[in-house]
Amino acid sequence: MYAVAARAYAQQMSEAAIETRGLTRSFGDQVALDHLDLRIERGEIFGFLGPNGAGKSTTIRLLLDFLRPTSGSASVLGFDCRRESVEVRRRTGYLPGELRLYGGLTGNQTVALFTGLRDGRVDPARAKRMAAELELDLTKKASSLSKGNRQKLGVLLALLGQPEVLLLDEPTSGLDPLVQRVVWEMLRREAEHGTTVFFSSHVMSEVEVTCERVGILRAGKLVAVEPVTTLKGRSGRHVEVSFAGTAPPPAVFTAAGVREIRREVSTLEFELAGEIDPLLKALAPYHVVDLRTEQATLDEILLHYYEKEAVR
Amino acid sequence: MNRLVLARKAFRDSRVTAIGGGILSFALALMYVLLFPSIRESFEEMDLPEYMESFAGAAGSYSTPAGYLATEFFSAVPITLIIFAIVAGTAATAGEESAGTIDLLLAQPIRRWRIIVEKALGIAAAVSVALLAGLPGIFLGQRFVDFDIGPLRLVAAMLATLPLLFLFAALAMLLGAALPTRAMAVAVATAGAVLAYVVHTLGMLVDELSEVRKLTPFYWSDASKALIGDFEVWRSLVLLAVAAGLVALAAVAFERRDIAGGREGGWWKQFRRGRKGREHAPVEAAG
């Protein structure tokens, strides 16, 4: 008997944290998610990117068995998301994109309710500790909390059952930068203890700092799965150079990895891919008054991927 | 310790039904009993039309406490509390869905049927409190006026009426789980209750409806017989069985449906938007 349990445990441990195989969901004629094949390893922090309606929330809802797939299948920690959904949810913490709490309950009552629904398998001191860390008053009713504090309570609830997998739909939306940092420190700590973090985001800086890999969805299709470093390398940045007097002809800089060029009288605007060093060297002979660089926004990166996809 | 955590929550969520309905039930019971002597006097002087007598059912007439209670309290209070029961029943899942709180609930390691069953128990408790609050109202009234009817008969009449409320709460839960919006579920359940009541009352007068009347839950909930000591337990059991069947159907309907979340009618809107064709924008609610 122990051997069987040990084998099951070993098998479980060898499974991916999240795996989808041809996962598809349609609403009527419209395909919200189209044959998603994705594998996320244990302990990974994975960012799921895409515009509204791309299928990010649909994916999360399929993993939690809120929605049922039209075809294909998904598993979390080796448990089938349809047949073994209770086991999936027992090991999962979830923060909805549109978080709605019971307005009439205080933080403590909310924690008690969800502790009860997890058969009491929650360390009561853990909630208190997290609340203190987040500077969240659990004696207040949810309806009287600010949006940021409600979001903090949502994060706390997602972490309550010491989940092995966290499914977070835009976890830091509505939080001020300071609290965003605290939340991400908490999530990173969870990841260090082996928790897999799967989250959707629109904030590039967040993705940059926290993720190891990202998946990009467009109109229900997975357009790319890349390490963040690759994504950043391809995404490019804006460079604006102001010259003393008239700007030199843009053709001078094309060899420096410049993609797009806009020219005004004394200013040139570049879209730069890769390192900035070749451009700096190319600028050396000129009298540069000012040089500003700015990371391309996530939307621009996504746009870049979408355009690439559309061309195919 | 953590047993029935959702039932307790459903009871707390239905406190408007329990407290509001309870106050109404208590106040009406007390008022009816206190007014009984003067009403009996007035009615003894007049020859009641048949339809008025028929409302008293087996209990007979306005001149006895049993007939009077059957006609007044056990007619007005249940139909009012049915509305409370419908509101509480639709709040169970449709209310959570329209409020968006269903997401956090469904993310817990529990089966969906457990949500339905526990909520049904909580709502049943709230509805029971509301109706049974009439008993102390009657007992209090009996201290001031001559109103001779035994407590056992009163309890029996309550037990004959309670399954009726459970049945409509269960119907509301089923409609809430099966229909796209809570408003729709309230409207359909209320329309069903009113229609059943009208058929039931007209059926007492009109031969054409006398058989159809037997299909309404009101026929099976006969407080008037219980008030004269002829409580037919099996009738209550039939109603309870139907209510349990409706809860089971609600669990099946809830188990099978998609929870698109976020807003009222989410899945319905998505489905309709999807049916309009591919040229439209991607599914917004599904993000």
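Numbers restart at 1 for each chain; the letters A, B, ... are given by sequence-line order, proteins then strands. Worth knowing before you read on, the calculation uses all heavy atoms, side chains too, and leaves out hydrogens, waters and symmetry mates.
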Residue set satisfying side-chain hydrogen bond (donor to acceptor under 3.5 Å, both in side chains) with A:D34, at least two apart, ordered chain then number -> none
Contact check, side chains of A:N149 and A:L153, non-hydrogen atoms, under 4.5 Å | no
- prompt: Do side-chain atoms of A:D169 reach the backbone of A:L95 as a donor and acceptor pair under 3.5 angstrom?
  reply: no
Honestly, the part of A:L167 sitting under 4.5 Å from a heavy atom of chain B is neither
| field | Mutual orientation of the aromatic rings belonging to A:F198 and A:F48 [parallel < 30°, tilted 30-60°, perpendicular > 60°] | value | tilted
Cation-pi geometry met for B:R112 and B:F254 (6.0 Å, 45°)
yes
Checking heavy-atom separations under 4.5 Å from chain B, one finds in residues 101-109 of chain A A:L101, A:Y102, A:L105
Whether A:R25 engages the ring of A:F27 as a cation-pi pair (distance to the six-membered ring centre under 6.0 angstrom, angle to the ring normal within 45°) should be assessed. yes
